[in-house]
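All of these numbers come straight from a predicted model, not from anything done at the bench. Starting from 1, each residue takes its place in the sequence as its number.
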Amino acid sequence: MNLSQLKPAEGSKRKAFRVGRGHGSGNGKFAGRGRDGQNSRSGGGVRPGFEGGQMPLYRRIPKRGFTNRNSLDIVGINVDLLNRFEDGADVTVDTIIEAGIVKNPRDGVKILGKGELTKKLNVKANAFSAGAIQKIEAMGGKAEVM
């Protein structure tokens, strides 16, 4: 078999429906659009969601809550994940991304206190929980807010 001999599966390709090409096309007179009405006109039809003047579904359903535009999307990581770094290392958001702990830091990284820390680290992050600061400083490291 050659690439030049490849053909699509039988029945998978259909000829394009060519509108407005006269009686010989098999779609004569009204070109497959019917005789009258909004949909028979060029540019006709209604917008998505329009229900003929009836109150549309997206307006009938009650709305709840709101989205705060000023809220921050902060990624939390636990203190035990920092054991990947060498003893005495400087840990920043960039080094956390390079280590593959976080893919997308979004609006910031917060270090949380779950798990045990076994190494002395100097950590710089956007935020810390009280438990995380306690565990980092207990090992002789520093927790610094950027």
Is [Y] close to [X] at the side-chain level, that is, under 4.5 Å between some pair of heavy atoms?
| X | Y | value |
| --- | --- | --- |
| Asn122 | Phe85 | no |
| Val109 | Ile97 | no |
| Lys142 | Val123 | no |
| Ile136 | Leu121 | no |
| Leu82 | Val91 | yes |
| Pro105 | Val93 | yes |

Measure the spacing between [atom1] of [X] and [atom2] of [Y] and express it to the nearest 0.5 Å.
| X | Y | atom1 | atom2 | answer |
| --- | --- | --- | --- | --- |
| Leu117 | Ile111 | CG | CD1 | 10.0 Å |
| Lys135 | Lys114 | NZ | NZ | 10.0 Å |
| Phe128 | Glu137 | CZ | CD | 9.5 Å |
| Glu116 | Met139 | CD | CE | 9.5 Å |

So salt bridge (charged side-chain N to carboxylate O under 4.0 Å, His left out) across residues 85-105, not counting sequence neighbours, yields none

Residue pairs meeting salt bridge (charged side-chain N to carboxylate O under 4.0 Å, His left out), one or both in residues 59-84, sequence neighbours left out, come to Glu51-Arg60, Asp73-Arg106

Taking only distance into account, with no hydrogens and no angle test, what donor-acceptor pairs under 3.5 Å do side-chain atoms of residues 17-33 form with protein atoms, sequence neighbours excluded?
{"from": "Arg21", "atom 1": "NH1", "to": "Val19", "atom 2": "O", "distance (Å)": "2.9"}
{"from": "Ser25", "atom 1": "OG", "to": "Gly22", "atom 2": "O", "distance (Å)": "2.7"}
{"from": "Ser25", "atom 1": "OG", "to": "Asn27", "atom 2": "N", "distance (Å)": "3.1"}
{"from": "Arg33", "atom 1": "NH1", "to": "Asn39", "atom 2": "O", "distance (Å)": "3.1"}
{"from": "Arg33", "atom 1": "NH1", "to": "Arg41", "atom 2": "O", "distance (Å)": "3.4"}

- Message: Looking at every non-hydrogen atom in both residues, tell me the closest pair between Pro56 and Gly49 and how far apart they are.
- Response: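 Heavy atoms of Pro56 and Gly49 come nearest at CB-O, 3.4 Å.
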
Review point. Can you name the closest pair of heavy atoms from Asn126 and Met146 and give their distance?
Key: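 Smallest heavy-atom distance, with atoms named: ND2-CE, 4.2 Å.
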
